[in-house]
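Written out below as structure tokens is the structure these notes cover.
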Amino acid sequence: MKALSMAVLLASAVLTGCQRETDKFVEVSGRVFVFNYRIAIATYVVTLNKKAPIPEGTVAIAEFENPAGGDVLVTNEKIYPFWDKITLQSPAIHCVKKDKPYAVSVRLVDAKGETLQSLKTEVISSLDQSVMPGKPLVVGPLYTKNPEVFKPDGTVDYDSAATCPST
């Protein structure tokens with residue numbers, strides 16, 4: 001009987017060792033603000049590295065703190081099982097402040113609507129959004145100079161008037 005008990009204990013220890021160490025499907029591998037001055041848009045970009053197979057039909061739901069205040073910005077990204085890296089991008093944002101941490105939450109949700117994993121991170125910008133023009137510098141597919149910015153008389157109007165809350 002003692003031998004049987006030892007065998008069961010050993011088998012359970014071996015099986016426990018075969019299980020995944022964590023329930024992590026992904027981990028955050030990068031986070032940054034992208035300032036595209038040509039089209040006068042800033043966005044969050046968060047990248048995830050896959051650590052375990054992700055079930056078919058999984059969606060990443062990302063919630064980005066709104067630097068201008070108000071409701072969080074939400075995106076849904078379908079995840080394909082063959083992806084090793086997952087890139088999540090926010091809608092256009094405004095009022096990013098240098099050195100201020102902004103919260104980002106990501107949930108992986110399976111096809112049944114059940115949460116597989118939740119992540120929280122912060123993104124900090126090394127630039128203030130005041131470096132961005134208020135209007136796109138170019139328009140159209142050929143990057144034509146925006147006539148609202150580059151006037152026919154040679155003057156330039158970047159329209160970078162402050163429209164953000166002071167806090």
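Keep in mind that this is a model prediction, so the values were computed, not measured.
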Are [X] and [Y] joined in one hydrophobic group, where the rule is that I, L, V, M, F, W and Y side chains link up if heavy atoms are under 4.5 Å apart?
X: V109; Y: V104; value: no
X: V149; Y: V131; value: yes
X: L73; Y: V59; value: no
X: Y80; Y: I61; value: no
X: V28; Y: V123; value: yes

Are more than 12 heavy atoms from other residues, nucleotides or ligands located less than 6.0 Å from atom NZ of K151?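 Yes, NZ of K151 has more than 12 neighbouring heavy atoms, counting only those of other groups under 6.0 Å.
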Grab the two heavy atoms, one from [X] and one from [Y], that are nearest each other, plus how far apart they are.
X: A52; Y: K24; answer: CB-O, 3.7 Å
X: L88; Y: L48; answer: CD1-CD1, 3.9 Å
X: Q129; Y: I93; answer: NE2-O, 3.3 Å
X: P136; Y: A40; answer: N-CB, 3.7 Å
X: F25; Y: L116; answer: CE1-CB, 3.7 Å
X: K120; Y: S105; answer: NZ-OG, 3.4 Å

Test: ring-ring contact (aromatic ring centres under 6.0 Å, His included). Region: residues 42-70. Which pairs qualify, not counting sequence neighbours?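 Checked against ring-ring contact (aromatic ring centres under 6.0 Å, His included) - neighbours excluded - the pairs reaching residues 42-70 are F33-Y44, Y44-F64.
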So [Y] and [X], do their side chains get closer than 4.5 Å, heavy atoms only?
X: V139; Y: E148; result: no
X: V106; Y: T121; result: no
X: I54; Y: P81; result: no

side-chain contact (heavy atoms from CB on, under 4.5 Å) between V46 and L119, worked out: CA-CA 11 Å; V46 174; L119 300 160; over 6 Å; no
Between K98 and L127, does the side-chain contact (heavy atoms from CB on, under 4.5 Å) criterion hold? Intermediate values first, please. CA-CA 5 Å; K98 178 180 180 179; L127 296 173; 5.9 Å; no
With side-chain contact (heavy atoms from CB on, under 4.5 Å) as the test, would you mind laying out the steps for D71 and N66 before giving the verdict? CA-CA 7 Å; D71 294 337; N66 187 342; 6.0 Å; no
How long is the straight-line distance from [atom2] of [Y] back to [atom1] of [X], given to the nearest 0.5 Å?
X: D128; Y: D99; atom1: CG; atom2: CG; answer: 9.5 Å
X: E77; Y: I86; atom1: CD; atom2: CD1; answer: 8.5 Å
X: I41; Y: H94; atom1: CD1; atom2: NE2; answer: 7.5 Å
X: Q117; Y: K51; atom1: CD; atom2: NZ; answer: 11.0 Å

Using a 3.5 Å distance criterion without hydrogens, assess whether the side chain of [X] forms a donor-acceptor pair with backbone atoms of [Y].
X: E63; Y: V72; value: no
X: Q89; Y: T43; value: no
X: K50; Y: W83; value: yes

Which residues pass the side chain to side chain donor-acceptor pair (under 3.5 Å) test with K85, not counting sequence neighbours?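 Residues passing side chain to side chain donor-acceptor pair (under 3.5 Å) with K85: N49.
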Take Y102 and V96, measure what side-chain contact (heavy atoms from CB on, under 4.5 Å) needs, and give me the verdict at the end. CA-CA 9 Å; Y102 294 95; V96 175; 4.2 Å; yes
Non-neighbouring partners of K145 that pass salt bridge (charged side-chain N to carboxylate O under 4.0 Å, His left out), sequence neighbours left out: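 K145: no salt bridge (charged side-chain N to carboxylate O under 4.0 Å, His left out) contacts found.
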